[in-house]
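Working notes for the structure below.
Here is the naming used below: chain letters follow the sequence lines, and residue numbers restart at 1 for every chain.
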There are 4 protein chains.
Amino acid sequence: MDDDSRDRPSAPVGRSERARTAALSAALALAAELPYPQVTMEAIAARAGVGKATLYRRWPHRGALLVDAVAHRNAAAAGSGIPDTGDLVADLTAVLRSVVDELADPGWDALLRALCVEALVDTGIGAQVLEQVFAPQIALFADRFATARAAGQIDGSVGDVEAFELVIAPVFHRWQLRTGVLDHAYGDAVVRRACRALAP
Amino acid sequence: MDDDSRDRPSAPVGRSERARTAALSAALALAAELPYPQVTMEAIAARAGVGKATLYRRWPHRGALLVDAVAHRNAAAAGSGIPDTGDLVADLTAVLRSVVDELADPGWDALLRALCVEALVDTGIGAQVLEQVFAPQIALFADRFATARAAGQIDGSVGDVEAFELVIAPVFHRWQLRTGVLDHAYGDAVVRRACRALAP
Amino acid sequence: MDDDSRDRPSAPVGRSERARTAALSAALALAAELPYPQVTMEAIAARAGVGKATLYRRWPHRGALLVDAVAHRNAAAAGSGIPDTGDLVADLTAVLRSVVDELADPGWDALLRALCVEALVDTGIGAQVLEQVFAPQIALFADRFATARAAGQIDGSVGDVEAFELVIAPVFHRWQLRTGVLDHAYGDAVVRRACRALAP
Amino acid sequence: MDDDSRDRPSAPVGRSERARTAALSAALALAAELPYPQVTMEAIAARAGVGKATLYRRWPHRGALLVDAVAHRNAAAAGSGIPDTGDLVADLTAVLRSVVDELADPGWDALLRALCVEALVDTGIGAQVLEQVFAPQIALFADRFATARAAGQIDGSVGDVEAFELVIAPVFHRWQLRTGVLDHAYGDAVVRRACRALAP
DNA sequence: TTGTAAACGAGACGGTACGTCTCGTCTTAAT
DNA sequence: ATTAAGACGAGACGTACCGTCTCGTTTACAA
């Protein structure tokens with residue numbers, strides 16, 4: 001391990017680092033497979049083979065740990081960005097379909113709900129969730145909106161966040177409250193309506 | 001009693017009804033004024049001057065009690081329905097402004113966040129929240145959409161829930177994640193864009 | 001029942017009396033068959049098919065009910081008195097053997113232990129137990145001791161209670177603390193030693 | 001504490017040991033000053049400044065805790081043994097007088113009654129009480145009886161437990177059921193009679 | 001007969017203690 | 001010196017009984 005950390009100091013794997021990684025993985029796994037109230041610091045520590053004190057030394061509470069874990073996961077999953085074929089509707093449709101697919105995955109569904117719970121309960125965690133989980137997504141959309149705006153496809157007076165919300169909020173809302181079936185067709189319709197609203 | 005109950009059927013009668021009312025009020029008050037994790041069954045019972053067993057006799061868990069309390073409050077607040085002046089944009093703008101105002105009230109904000117937490121944590125409570133809190137709202141919008149549809153102001157192929165989400169979801173999303181300022185101007189813009197999207 | 005009460009008006013069997021009898025029987029039965037902490041007022045009421053208020057209307061607490069029940073049972077069992085053949089040792093031996101036999105009966109064992117618990121916990125109940133359960137026994141022994149004293153078989157300066165305790169206490173002690181086997185042989189030895197101690 | 005732990009490193013005074021001691025002391029104090037039903041695990045934990053879980057971690061129920069506390073107290077009180085002046089009656093009289101004095105102390109009276117209650121309610125605790133509280137006393141008497149037996153002062157065929165019961169049971173019985181005044185005179189008389197019974 | 005009043009069964013009520021669980025801190029022993 | 005392990009104080013959980021209180025209903029006696 002010493003050799004390893006000397007060779008690649010940007011990816012140290014000391015005892016501490018192993019503990020950190022184990023904790024993040026355990027949090028993700030438990031949040032994905034258990035009802036959220038059972039995702040306790042105790043359970044995470046046990047699953048990770050890590051002392052509870054080690055968790056509290058690094059994260060002030062479960063929410064921070066979870067946000068960190070999800071951010072870590074998203075960073076690893078390396079969002080590839082939004083396609084740009086010139087056809088805004090088609091591009092957004094593709095994106096929303098993959099969003100819908102993700103939300104249909106029970107693990108990710110549970111994880112995201114856990115994240116929302118923490119964000120709702122504590123304003124500070126809410127800010128962290130926004131910054132580390134949603135902001136990157138918004139930034140990706142902002143890039144595509146910039147192109148579309150330059151091509152005169154959308155109203156220049158609509159901000160990036162507003163446009164993002166126009167597209168994402170209905171899906172998020174339906175996912176969260178289960179007001180109806182959340183499938184590709186719904187995503188397609190949302191994009192269609194959003195683009196009509198955004199048209200110059 | 002007969003006269004009484006005929007005149008004011010909502011008036012509580014007997015120890016049981018008094019306990020029920022006290023519990024609902026206490027739940028509302030605590031959820032409005034304390035961080036949600038401190039809104040425990042114990043605290044609600046103490047505040048209501050009610051035994052814990054009485055709470056558990058009526059509601060299987062805190063979530064059910066909270067949903068009941070909010071539904072009760074909403075029923076009492078007697079939603080007046082959505083205005084119908086013939087001008088859809090103006091009517092929806094008025095409604096969204098009052099929604100924004102409500103969400104700005106710290107008490108209602110806290111209450112609604114608590115409700116969302118419960119809905120996210122437990123699917124069953126989620127269904128209850130949808131049915132008892134959101135469905136009535138959707139129904140009000142549906143009435144107004146029906147008129148607008150009849151007047152040829154909105155696309156007949158868009159369902160009530162979809163139209164509702166188009167209008168409400170962005171506001172809900174911004175409220176929940178604090179992606180930006182949530183004021184009348186934002187509500188107005190959301191309505192404007194939604195109506196463009198809904199136009200035939 | 002009408003016939004019954006008309007025939008024997010001195011033993012009316014109205015609802016009240018039936019409730020009283022049912023409560024006493026239920027208390028005896030439960031105390032005999034369940035661990036004492038499970039012999040709750042709730043359980044007695046349920047077993048007796050009687051409202052809890054009816055119990056509390058007649059007896060201030062479980063202890064009083066239990067004492068009443070045991071006294072009632074003893075009255076019914078109609079202690080026949082201590083035999084008097086002229087041979088004190090033989091008479092007491094016979095009595096102690098039957099005492100040992102009674103204590104060996106699991107039901108009566110449990111009942112008597114419950115009684116002792118109540119007596120130990122509350123001085124008032126202790127007095128009631130003494131008066132209603134033990135005093136009658138002491139009186140029976142006192143009669144036999146009087147005869148023996150008159151016959152010059154025991155020391156006239158020893159009081160009835162003291163003599164009673166000399167005979168009963170060792171058995172009671174062994175029964176209560178299980179310091180050793182409690183059988184006829186032990187009872188016989190106790191009587192032998194007691195009579196030596198009591199001899200003039 | 002430093003000195004203490006340096007002198008007796010085998011008796012560390014970490015958090016655990018402090019909790020244990022505090023619990024035992026609190027149990028003794030509460031049992032001595034409150035009616036037994038109020039000596040709850042909750043009250044003991046509060047008085048000891050200890051979590052309830054800590055109590056249940058060490059003792060399965062209140063009875064075990066109480067027995068441990070009394071045994072602990074007795075060990076500390078270091079029974080000095082029964083005097084041996086050669087005069088059995090005198091020696092036993094002295095012992096019984098101190099027993100009577102102890103039983104007259106309200107604190108010890110309450111404690112011992114609590115112990116008896118637990119012993120009566122649960123056979124397991126009864127065995128524990130016998131072994132840890134009464135057995136040591138019996139052993140002390142056995143030593144004295146051995147001497148007396150060797151001196152030909154008592155019948156060699158009477159066992160230690162039987163002799164012990166002959167002496168102690170009447171006092172215990174009178175204390176428990178309050179069949180009469182329990183004073184030195186009574187103790188003296190009991191010893192006198194017991195020694196007559198035990199004489200060869 | 002037909003009220004009327006008491007006692008009844010049933011069981012909900014406000015409480016309290018139960019024994020269990022998780023929290024976040026602190027101690028210990030072993031790397 | 002930092003870790004895994006886990007005991008600790010605190011306090012909420014959901015349950016069981018407490019002793020009291022409302023309920024209608026049933027019974028017993030008076031009109």
Between [X] and [N], is there a side-chain N or O to OP1/OP2 distance below 4.0 Å?
X       : N      : result
B:Ser16 : F:dT22 : no
B:Thr40 : F:dG11 : no
B:Arg15 : E:dG14 : no
B:Thr54 : E:dA12 : no
A:Arg18 : F:dT2  : no
A:Arg47 : F:dA4  : no

Closest-nucleotide ordering on DNA chain F, the 5'-leading residue of C:Pro37 and D:Arg20: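 Its nucleotide being nearer the 5' end, the pick is D:Arg20.
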Closest-nucleotide ordering on DNA chain F, the 5'-leading residue of B:Tyr56 and A:Ala46: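 Its nucleotide being nearer the 5' end, the pick is A:Ala46.
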For atom [atom1] of [X] and atom [atom2] of [N], their distance in whole Å:
X       : N      : atom1 : atom2 : answer
C:Glu42 : E:dA10 : CD    : P     : 13 Å
C:Met41 : E:dG11 : CE    : P     : 18 Å
D:Trp59 : E:dC18 : CH2   : P     : 15 Å
C:Ile44 : F:dG19 : CD1   : P     : 11 Å
C:Leu55 : E:dG9  : CG    : C1'   : 11 Å
D:Gln38 : E:dA17 : CD    : P     : 8 Å
B:Arg58 : F:dG14 : CZ    : P     : 18 Å

Nucleotide nearest C:Arg57 (side chain, heavy atoms from C-beta), chosen from E:dC13, E:dG15, E:dA7: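 Looking only at heavy atoms from C-beta outward on C:Arg57, the closest nucleotide is E:dA7.
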Could you work out which one of E:dC26, E:dG14, F:dG19 sits closest to the side chain of A:Ala53?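 Of E:dC26, E:dG14, F:dG19, E:dC26 is nearest to the side chain of A:Ala53.
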For A:Ala43 and for D:Ala43, find the nucleotide of DNA chain E with the closest heavy atom, then tell me which residue's nucleotide is more 5'.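 Closer to the 5' end of DNA chain E: D:Ala43.
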Of B:Gly49 and D:Val39, whose closest DNA chain E nucleotide lies nearer the 5' terminus?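 That would be B:Gly49.
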Using every non-hydrogen atom in the two residues, find where [X] and [Y] come nearest and quote the distance to one decimal.
X       : Y       : result
D:Arg47 : D:Ala29 : NH1-CB, 3.5 Å
C:Ala31 : C:Leu66 : CB-CD1, 4.0 Å
B:Ala26 : B:Ile44 : CB-O, 3.7 Å

Quick one: does A:Lys52 reach the base of E:dG24 with a side-chain donor-acceptor pair under 3.5 Å?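 Indeed, a donor on one side and an acceptor on the other fall under 3.5 Å apart.
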Check whether any side-chain N or O of A:Arg62 sits under 3.5 Å from a backbone N or O of A:Val39 as a donor-acceptor pair, and report yes or no.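 It does hold such a pair.
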Inspect the contact between C:Asp68 and C:Arg20 and indicate whether a charged nitrogen and a carboxylate oxygen are less than 4.0 angstrom apart.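 A salt bridge is present here (some side-chain N lies under 4.0 Å from a carboxylate O).
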